[in-house]
Each structure stands twice: as structure tokens, then as C-alpha cells.
Trainee: 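Before I ask anything, let me first share the structure, which is written out below as C-alpha cells.
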Amino acid sequence: MRSVTYSMSVSLDGYIVGPDGDFNWTIPDDDVFRFWIDEIRDVGVHLLGRRLYETMLYWETADQDPSLDDSKLEWAALWKPLPKVVFSTTLSAVQGHARLASGALAEEIERLRAEPGEGDIAIGGATLAAEAAALDLIDEYRTIIYPVLVGGGIPFFPRHERRVDLELAETRTFSSKVVHLRYRVVR
């Protein structure tokens with residue numbers, strides 16, 4: 001069965017976006033960007049909330065930017081054809097290799113798990129991930145922790161009153177002192 005993963009960059013105090021809406025502290029260096037390229041290779045479909053979808057729209061046409069280096073072009077070549085499902089109540093259409101979700105999150109994930117296909121079902125965006133976590137649909141939590149305290153904003157982990165036991169599956173420290181942690185949900 002395909003795993004559902006939630007992976008985002010996060011501040012040491014647990015936020016994916018700061019209180020002012022800024023996340024420029026998550027700009028990856030070359031090593032971290034290479035890591036993200038390797039991670040996306042294992043994704044079969046990406047579920048996104050509206051805000052993350054709109055942020056990632058850049059990559060749908062980034063391959064036309066002559067100033068991009070080889071790693072950014074490689075990312076764009078992997079991201080652009082990746083199937084994406086966008087959860088939004090305000091968008092009426094999406095671009096690229098994306099479609100608007102036709103059902104509730106649990107129904108979409110159940111359908112995707114039942115379909116033949118390889119690769120993880122990745123979830124991006126805190127609001128969507130919080131819904132998936134509340135429904136106990138996330139199999140792995142993956143963080144890229146940046147050495148910064150932003151003091152508030154949008155938290156990586158949903159704030160609800162349910163305990164989730166995790167087991168450490170992988171760690172990695174990059175030369176920039178950014179740390180990757182991957183945890184599996186213990187069921």
C-alpha cells in the first residue's frame with residue numbers, strides 16, 4: 001500500500017511560515033535542494049492545499065527560465081509531470097498536471113491507495129496535513145529543520161489533542177546545519 005507522507009521545511013520552533021507570512025528562511029542551499037530532488041523522485045502523486053499550490057505554480061513554467069541552473073531544471077523536470085491533486089474551495093480551475101479534488105481528503109487518499117501506481121502520496125501544506133493527521137491518514141512525518149526561531153505563524157504539526165507515537169526512521173545533518181528527520185507513525 002502506498003504511504004502517505006507529510007514533508008515540509010520547518011523552523012526549530014515548529015513553523016512552516018513565520019507570523020508575517022514569510023518563509024524566505026527556508027531557501028535551500030545546494031545540498032538541501034539536492035535532497036528535495038531525491039525526495040520528489042519517490043512521490044507518485046502530490047496533494048496540495050491552495051496556498052502551497054499557488055506557491056508551487058512557478059515550477060510549472062520554470063523550465064523556460066534561461067537563468068536556472070541544472071539542479072533547478074532537474075527539479076522542474078520532475079515536478080511538472082508529477083500528478084497533483086489540489087484541495088480548494090476557492091479555485092475553479094488549476095494548471096499543469098493538476099486536478100481539483102473531487103471528494104473529501106479521506107476519499108481521495110483511499111482512492112489513490114487503491115489505484116495501481118508507485119510512489120508515495122505526498123501531502124503539502126499545514127491545513128491539509130492537519131486534516132489528514134486528524135483522520136490518522138499520515139504514515140510518515142518528514143521535516144527539514146532550519147536553525148531559526150520565527151516566533152509564530154503556521155505550525156508544521158497540527159494542534160489537536162490526539163497522541164501519535166512515532167519511530168525514528170532517518171536523520172541527516174547537512175553542511176548548512178539544517179537537519180532532516182523522518183518519522184514513521186507507529187500503528
Side-chain angles (χ1 to χ4, degrees), residues 1-10 14-17 26 28 31-53 55-56 59 74-88 94 96-146 154-174 178-187:
M1 184 186 319
R2 296 165 86 179
S3 290
V4 176
T5 64
Y6 172 41
S7 182
M8 297 285 290
S9 295
V10 62
Y15 297 95
I16 62 171
V17 174
T26 67
D31 285 343
V32 174
F33 197 78
R34 170 60 45 199
F35 173 83
W36 283 119
I37 290 171
D38 293 341
E39 284 281 299
I40 203 69
R41 290 180 194 286
D42 294 332
V43 173
V45 61
H46 209 294
L47 312 182
L48 303 102
R50 179 194 52 81
R51 282 185 293 222
L52 184 59
Y53 165 74
T55 300
M56 296 301 289
W59 294 103
E74 184 178 1
W75 170 267
L78 293 166
W79 179 261
K80 191 173 180 176
L82 182 66
K84 299 163 204 72
V85 180
V86 181
F87 290 79
S88 173
V94 290
H97 202 80
R99 67 173 175 84
L100 284 169
S102 57
L105 179 59
E107 295 167 358
E108 288 284 347
I109 289 175
E110 184 178 319
R111 187 180 59 70
L112 290 166
R113 280 185 165 163
E115 287 179 357
E118 295 183 19
D120 295 333
I121 300 167
I123 293 180
T127 302
L128 192 60
E131 183 181 344
L135 296 168
D136 194 26
L137 297 173
I138 297 177
D139 300 307
E140 287 191 5
Y141 289 88
R142 301 173 181 181
T143 60
I144 298 288
I145 303 172
Y146 282 79
I154 299 174
F156 174 87
F157 293 103
R159 306 287 188 227
H160 55 77
E161 301 192 20
R162 185 176 71 83
R163 177 181 166 148
V164 178
D165 292 318
L166 305 170
E167 69 179 0
L168 183 63
E170 180 183 0
T171 65
R172 179 173 173 187
T173 302
F174 297 91
V178 170
V179 177
H180 163 69
L181 299 174
R182 180 169 65 95
Y183 285 94
R184 285 188 198 100
V185 174
V186 176
R187 291 196 158 77

Trainee: How close do Pro81 and Leu78 get, heavy atom to heavy atom, and via which atoms?
Mentor: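 That would be CD-O, 3.5 Å.
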Trainee: Do Val186 and Leu166 have side chains that get closer than 4.5 Å, going by heavy atoms?
Mentor: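 When only atoms from C-beta onward are counted, Leu166 and Val186 do not touch, as no gap falls below 4.5 Å.
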Trainee: Around atom CD of Glu118, are there more than 12 heavy atoms of other residues, nucleotides or ligands at under 6.0 Å?
Mentor: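 No.
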Trainee: Do any N or O atoms from the side chain of Tyr146 and from the backbone of Thr26 form a donor-acceptor pair under 3.5 angstrom?
Mentor: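 Yes, because the side chain of Tyr146 sits within donor-acceptor range (under 3.5 Å) of the backbone of Thr26.
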Trainee: Short question: side chain of Asp139, backbone of Val4 - any donor-acceptor pair under 3.5 Å?
Mentor: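 Judged by distance alone, yes, a pair lies under 3.5 Å.
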Trainee: What I'd like to find out is whether the side chain of Asp120 reaches to under 4.5 Å of the side chain of Arg142, using heavy atoms alone.
Mentor: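 Side chain of Asp120 against side chain of Arg142, heavy atoms only: contact under 4.5 Å found.
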Trainee: Can you confirm whether or not the ring centre of Phe156 sits under 6.0 Å from the ring centre of Tyr6?
Mentor: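 For Phe156 and Tyr6, the ring centres are under 6.0 Å apart.
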Trainee: Could you pull out the closest heavy-atom pair between Gly124 and His46, with the gap in Å?
Mentor: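 Reported closest heavy-atom pair: N-CE1, 3.6 Å.
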Trainee: Centre-to-centre under 6.0 Å for His180 and Phe174, is that the case here?
Mentor: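 So the answer is no for these two rings.
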Trainee: Got Leu112 and Leu47 here, is their nearest side-chain heavy-atom distance under 4.5 Å?
Mentor: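 Heavy-atom side-chain distance check passes, below 4.5 Å.
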Trainee: Do the side chains of Asp165 and Arg187 get close enough for a salt bridge, i.e. N-O under 4.0 angstrom?
Mentor: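 Not counted as a salt bridge, because no side-chain N and carboxylate O are separated by less than 4.0 Å.
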Trainee: Show the nearest heavy-atom pair for residues Val86 and Ala98, with the distance to one decimal.
Mentor: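 That would be CG2-CB, 4.2 Å.
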Trainee: Are more than 12 heavy atoms from other residues, nucleotides or ligands located less than 6.0 Å from atom CZ of Arg51?
Mentor: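 No, not enclosed.
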Trainee: Could you tell me which non-hydrogen atom of Leu135 sits nearest to which non-hydrogen atom of Ala106, and how far apart they are?
Mentor: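 Distance-wise, the nearest heavy atoms are CD1-CB, 4.1 Å.
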Trainee: Mind running side chain to side chain contact (heavy atoms under 4.5 Å, CB included) on Tyr141 and Phe157 for me, showing each step along the way?
Mentor: CA-CA 9 Å; Tyr141 289 88; Phe157 293 103; 3.9 Å; yes
Trainee: Go through the steps to decide whether Val164 and Val185 satisfy the test side chain to side chain contact (heavy atoms under 4.5 Å, CB included), and finish with yes or no.
Mentor: CA-CA 7 Å; Val164 178; Val185 174; 3.9 Å; yes
Trainee: A quick test of your reading: do over 12 heavy atoms of other residues, nucleotides or ligands sit less than 6.0 Å from CD of Glu170?
Mentor: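 Yes.
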Trainee: Would you find a donor on one side and an acceptor on the other, under 3.5 Å apart, between the side chain of Lys84 and the backbone of Leu82?
Mentor: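 Between the backbone of Leu82 and the side chain of Lys84 there is a qualifying donor-acceptor contact (under 3.5 Å).
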Trainee: Give a yes or no on whether the backbone of Gly119 and the side-chain of Arg2 come within a donor-acceptor separation of less than 3.5 Å.
Mentor: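 Yes; judged by distance alone, with no hydrogens or angles, the pair exists.
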Trainee: Ile40 vs Trp75, test: side chain to side chain contact (heavy atoms under 4.5 Å, CB included). Steps then yes/no.
Mentor: CA-CA 8 Å; Ile40 203 69; Trp75 170 267; 3.5 Å; yes
Trainee: Any heavy-atom pair between the side chains of Ile121 and Thr5 that's under 4.5 Å?
Mentor: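 No - every pair of side-chain heavy atoms lies 4.5 Å or more apart.
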Trainee: Would you mind telling me which of Leu48, Val45, Leu100 makes a side-chain contact (heavy atoms from CB on, under 4.5 Å) with Val85?
Mentor: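 Only one option passes, and that is Val45.
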Trainee: Is the shortest side-chain heavy-atom distance between Arg172 and Phe35 below 4.5 Å?
Mentor: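 Touching, per the 4.5 Å side-chain cut-off.
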Trainee: Got a second to check how far Glu110's CD is from Glu115's CD, nearest 0.5 Å?
Mentor: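 Glu110 atom CD to Glu115 atom CD measures 11.5 Å (nearest 0.5 Å).
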Trainee: So Val94 and Tyr53, side chain to side chain contact (heavy atoms under 4.5 Å, CB included) or not? Walk me through it.
Mentor: CA-CA 9 Å; Val94 290; Tyr53 165 74; 3.3 Å; yes
Trainee: Find out whether Leu52 and Met56 are in side-chain contact, i.e. whether some heavy atom of one side chain is under 4.5 Å from a heavy atom of the other.
Mentor: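 They are in side-chain contact.
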Trainee: Mind checking whether Ile144 and Val32 have side chains closer than 4.5 Å, heavy atoms only?
Mentor: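 Contact flag for Ile144/Val32 side chains = yes.
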Trainee: Between Arg113 and Glu108, is there a side-chain N and carboxylate O pair less than 4.0 Å apart?
Mentor: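 No, this pair does not count.
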Trainee: Between CD1 of Ile154 and CE of Met8, what distance do you get to the nearest 0.5 Å?
Mentor: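 Rounded to the nearest 0.5 Å, the CD1-CE separation comes to 8.5 Å.
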Trainee: Does Leu128 offer a backbone N or O that forms a donor-acceptor pair with the side chain of Glu131 under 3.5 Å?
Mentor: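 Checked: no pair found.
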Trainee: Nearest 0.5 angstrom please: Thr171 OG1 to Leu181 CG, how far?
Mentor: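 Answer for the OG1-CG pair, Thr171 versus Leu181, is 7.0 Å.
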Trainee: Which pair of heavy atoms, one from Ala129 and one from Ile138, lies closest together, and at what distance?
Mentor: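 Looks like O-CD1, 3.6 Å.
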Trainee: How close do Pro28 and Trp36 get, heavy atom to heavy atom, and via which atoms?
Mentor: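 For Pro28 and Trp36, the tightest heavy-atom pair comes out as CB-CD1, 4.5 Å.
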